[in-house]
J.: 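Encoded as C-alpha cells, here's the structure I'll be asking about.
Every chain is numbered from 1, with letters handed out A, B, ... down the list of sequences.
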2 protein chains.
Amino acid sequence: MKKRITLKHIANQFDVSIATVSKALSDSYEISTKTKDKIQQYAKEHHYQPNSVALSLLNKKTKTIGVIIPNIMNNFFAKVFVGIEEKATENGYSLISCISNESHEKELKTMELLKNGTLDGFILSLAEETQVKGQYLHLKNAINEGVPMVMFDRVTDEIKCDKVIVDDFEGARHATNHLIKTGCKRIALISVIDNLSVGKLRAKGYEEALAENDIEVDQKLIVKIGKREDFETAMKIVLADKSIDGLLCLEESSAVQSLEIVKHLNYIIPDDISIICFTNGKLPQYVSPKITTISQHGKYIGEVAAKMLIDRLEGNSETSFQTKVIKTSLIERESTKKIN
Amino acid sequence: MKKRITLKHIANQFDVSIATVSKALSDSYEISTKTKDKIQQYAKEHHYQPNSVALSLLNKKTKTIGVIIPNIMNNFFAKVFVGIEEKATENGYSLISCISNESHEKELKTMELLKNGTLDGFILSLAEETQVKGQYLHLKNAINEGVPMVMFDRVTDEIKCDKVIVDDFEGARHATNHLIKTGCKRIALISVIDNLSVGKLRAKGYEEALAENDIEVDQKLIVKIGKREDFETAMKIVLADKSIDGLLCLEESSAVQSLEIVKHLNYIIPDDISIICFTNGKLPQYVSPKITTISQHGKYIGEVAAKMLIDRLEGNSETSFQTKVIKTSLIERESTKKIN
DNA sequence: ATGAAAGCGCTAACAC
DNA sequence: GTGTTAGCGCTTTCAT
C-alpha cells in the first residue's frame, strides 16, 4: 500500500505544526481563514483521510461490531445478517463478521480473538455445538469483562445480556392451530433441529396447540431426525401411517423434501395432507405447490439486534438487559387448505 | 466496556517499566526469569490481551480484509463468502464485510469509508448498478492509492488488479453442447442478468456452441427478461414456440420458475424439454425433477480470492496482476437426458 | 537485567 | 492564530 498522507506531511508542507493542521481540517475557529483554506485545499487534493486506527486508539472506540453467525447459507441467518448490516451502516458502524459454522471451537476462538479492542461489541447466535454441549464459558467471560453483547435466535438463559428472539413457541402453536382449523386431525411434527433451543420451543408450541384442542399427543407423530440419519428413509417410515394428514416441519429443507416424498406417494396436497414449515426462504416459494410458511422476520430481527447493541454502546439503553420477542407471521400458500 | 488491562497497569503493579513488561510478555532473553515469571503469571491471571488497535497503528497493518458482496441472499455469493472466510481465518485475517446490495452508491461509500487504514486490502465483486453504469472511478482511485485488491466474478477490464473469475463462456458452451448432444435442437437462452458481465459471457458461450454445431442463432430464442418484467408472462410467450426443446437458464431462480411453467404446460422433462441452469444452489436440487446445473464452485473461488489477496499483502505474489479462471462443472441431474 | 525515549497518527488542553 | 505537550497502548533501539 502506497504510504498514505498524514497530518505530519501536510504540516511539513506548510511549515506549521501538526496541531494547526488538525485544527484547520476540523475547521476550528482558532485558525485563520487563510491557513485553513490552503490546508483544506491541499488535503482535498491529496485525498487526505484521517487514519481511523489512530482515532480508534484515541477514542477507545472502533465503531465496529463483531457478528458471529452459525451458517450464512441458512436463509434465516442470511436475512438477519442483511438486517444487521443495514442498521449498522445507517449508524456508521462496520461489521467484522465470522461464520462459526456451527462449531463451538470456532465460536470460542473468534470471541477470544476479537475481544482485544478491535470491536465495540458483539451480536451473535449460538453454534449448534455450543448449544448441544451447553458450554458457555467464553460468553460468560466476555460478559464479565463487560463486553457489550446482543444474542439472537439461538440464545441461552445462562448468559445475561440483551437478546432478540423469535416467538417460536407461539409460531408453532399458531401454525398447528391453523392446521387443525383447516381440518387436519393427525399432525406430525418433523424436526431435524431438536438439539437447538428453538427446535425445542417449537415442539412445545405444537404440543400446546394439540392440548388446547383436546388432541392427545402421539409420540409416534413427533419425529426427530438426526443430521446423520437418512431423511428420506425416516420419512417414508413415518408416512407409512396413512392417517397422517398434516406436517409441521421445523425448517424449510425438510419441508421441501417431505413435499417431494408425499407427492411421490400420490397424496394430493393440501387435500390429503397439509404442510407448514418454519423459515420463509426461497425454497418453499419456488416448489409446487408453494408451501405455507412461518416467517420469522429475519431481517427485522437483525435490525432490532443491531439497534439494541448500538443503543447500548452509545448509552441510550436501560441499565437492565432486555429480551425482545419478535412475533412470527403465517404466510398462507398452497400447501394448506383455506379456513372454511 | 470495563477498562481492559494494559502493559502500564502491569508495570505499575510491579514497579517496573512498560518496556520491561512488554519484553517479559514476549519472553525476551533480556529479562530475568524471575521477572518474566511473575509478570507472565499476572498477565494470565488478569487475562491480559494486547490491544490490537495499538498494534495495528504500530505495524501499519490491521490483518483485516474488506469484503464487498453484491447480495448475500444469492447462493453463489454466499458460498464465495464462506470460502473467503475460511481462508482468511486460516491465515489470521478478519473480515470486514459489506453488502453493496447491488447499489453503486453503497459500494462507493464503503470503499471510501474503509480505505482509511482499517483494512489491509479488499475483495469485491461489482454491484449490478456499477456494471450497468460503468462507473469505476472509486476503484481506479483505490488502485492508484495502492490499495491491494482482488476482484471476483463480476469484474471489469478497466481495473488492473488480481482477479478470480468463473469460466462463464466455457460453462455455457459446455452446457449448450451437452443439450445438443442429448438431442436438443431448439435451445432457448433465458437471461435475467444480461446487464452483468457474466451474463454476456454466458450468452457468448451459448452462441459459440451453436456455431460449432452449425446451428444458426435464432434471436427469438435469446430471451432477455428485465427485473421489472413479469417473468411468468414473458416465459409463456417464449414457450408459445412449441419447437423449443431445451432451456439454458443463466441463473437458478429463472430455471426453477421455468420448470414450473413448463410442467404446467404438460411437457415431460427432460423428454420434451431439457433444462440446465447456472448456480448450483439448493433450489435446483430440491425441486422435482432435479435440475442439471453448472457449478461455479463458489466456495473455491472465495478461497482462491482470499489466498491471492493474502499472498499479495504478504509479498508472496508476482509483481504483475493475475487473473485466475475457475472452470465450471456440469452436474447432471434429472432435467436433462443422458448421453446415449 | 532494566529503563528511557521515540514513534505509529491523531486530538485536546494549555501555553504563547 | 499558532505551537507545545501529553497521551491513547504498544514495540524497539539504545542507553545504563
J.: Any salt bridge linking A:Lys87 with A:Glu90? Criterion: basic side-chain nitrogen under 4.0 Å from a carboxylate oxygen.
T.: yes
J.: Do B:Gln40 and B:Asp27 get their side chains close enough for a donor-acceptor pair, meaning under 3.5 Å?
T.: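 There is such a pair (donor and acceptor under 3.5 Å, judged by atom type) between the side chains of B:Gln40 and B:Asp27.
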J.: Return whichever of B:Thr35 or B:Asn59 has its heavy-atom-nearest nucleotide of DNA chain C closer to the 5' end.
T.: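 Of the two residues, B:Thr35 wins.
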J.: Does the side chain to side chain donor-acceptor pair (under 3.5 Å) test come out yes or no for A:Gln135 and A:His104, once each step is laid out?
T.: CA-CA 8 Å; A:Gln135 294 175 343; A:His104 178 68; 3.1 Å; yes
J.: Taking OP1 and OP2 of C:dT2, is either one under 4.0 Å from a side-chain nitrogen or oxygen of B:Ser32?
T.: yes
J.: Between D:dG9 and A:Lys60, is there an OP1 or OP2 to side-chain N/O distance shorter than 4.0 Å?
T.: yes
J.: Using a 4.0 Å heavy-atom cut-off, does B:Leu58 contact any base of the nucleic acid, only the sugar-phosphate backbone, or nothing at all?
T.: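 Base contact.
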J.: If you assign each of A:Glu30 and A:Ile5 to its closest nucleotide in DNA chain C, which residue comes earlier from the 5' end?
T.: A:Ile5
J.: Can you check the A:Lys8 NZ to C:dT11 P distance for me, whole Å?
T.: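 Value for this atom pair: 15 Å.
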J.: Checking contacts here: which listed nucleotide (C:dC8, C:dA12, D:dC8) is nearest the side-chain heavy atoms of A:Ala19?
T.: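 Among the listed nucleotides, the one closest to the side chain of A:Ala19 is C:dA12.
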J.: Would you mind reading off the distance between B:Leu57 atom CG and D:dG7 atom C1', rounded to a whole angstrom?
T.: 12 Å
J.: When the distance from CD1 of B:Ile10 to P of D:dT11 is rounded to whole Å, what number comes out?
T.: 11 Å
J.: Provide, to the nearest angstrom, the distance between the CG atom belonging to A:Asn51 and the C1' atom belonging to C:dG7.
T.: 14 Å
J.: Describe the nucleic acid contact of B:Ser26 in one word from base, sugar-phosphate, nothing, applying a heavy-atom distance below 4.0 Å.
T.: nothing
J.: Give, for atom CG of A:Asn51 and atom CG of B:Leu57, the distance between the pair rounded to the nearest 0.5 Å.
T.: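 Here the interatomic distance stands at 6.0 Å.
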J.: B:Ser56 near the nucleic acid: base, sugar-phosphate alone, or nothing, with a heavy-atom cut-off under 4.0 Å?
T.: nothing
J.: Look at the side chain of A:Lys23 against the base of D:dG3 and say whether a donor-acceptor pair falls under 3.5 Å; ignore hydrogens and angles.
T.: yes
J.: Applying side chain to side chain contact (heavy atoms under 4.5 Å, CB included), can you list everything that pairs with A:Lys160, at least two apart in sequence or on another chain?
T.: A:Phe321
J.: Describe the nucleic acid contact of A:Ile31 in one word from base, sugar-phosphate, nothing, applying a heavy-atom distance below 4.0 Å.
T.: base
J.: Checking side chain to side chain contact (heavy atoms under 4.5 Å, CB included) between B:Cys98 and each of B:Glu107, B:Met111, B:Lys106, which is the one that passes?
T.: B:Lys106
J.: Once you apply a heavy-atom cut-off of 4.0 Å, does A:Tyr48 come out as touching a base, just sugar-phosphate, or nothing?
T.: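 Here A:Tyr48 touches the backbone only, sparing every base.
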J.: Could you check which of C:dA1, C:dG9, D:dG9 has an atom nearest any side-chain atom of A:Thr6?
T.: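 Comparing C:dA1, C:dG9, D:dG9 against the side chain of A:Thr6, the answer is C:dG9.
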J.: From NE2 of B:His9 over to P of D:dC10, roughly how many Å is that when rounded to an integer?
T.: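 My rounded result for the distance is 9 Å.
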J.: Rounded to the Å, how far apart are B:Arg4 CZ and D:dC10 C1'?
T.: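 About 14 Å, once rounded to whole Å.
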J.: Touch check for B:Val53, heavy atoms < 4.0 angstrom, all strands: base, sugar-phosphate only, or nothing?
T.: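 Answer is nothing: B:Val53 stays at 4.0 Å or more from every strand.
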J.: Quick one: A:Leu25 CG to D:dG1 C1', roughly how many Å, whole number?
T.: 16 Å
J.: Counting side-chain heavy atoms from C-beta on, which of C:dT2, D:dG3, D:dC8 comes nearest to B:Thr20?
T.: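 Of C:dT2, D:dG3, D:dC8, C:dT2 is nearest to the side chain of B:Thr20.
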J.: Report which part of the nucleic acid A:Asp15 touches: base, sugar-phosphate, or nothing (heavy-atom distance under 4.0 Å, all strands).
T.: sugar-phosphate
J.: Within the pair A:Ser17 and D:dT4, is there a side-chain N or O less than 4.0 Å away from OP1 or OP2?
T.: no
J.: In whole Å, what is the span from the CD1 atom of B:Ile18 to the P atom of D:dT12?
T.: 15 Å
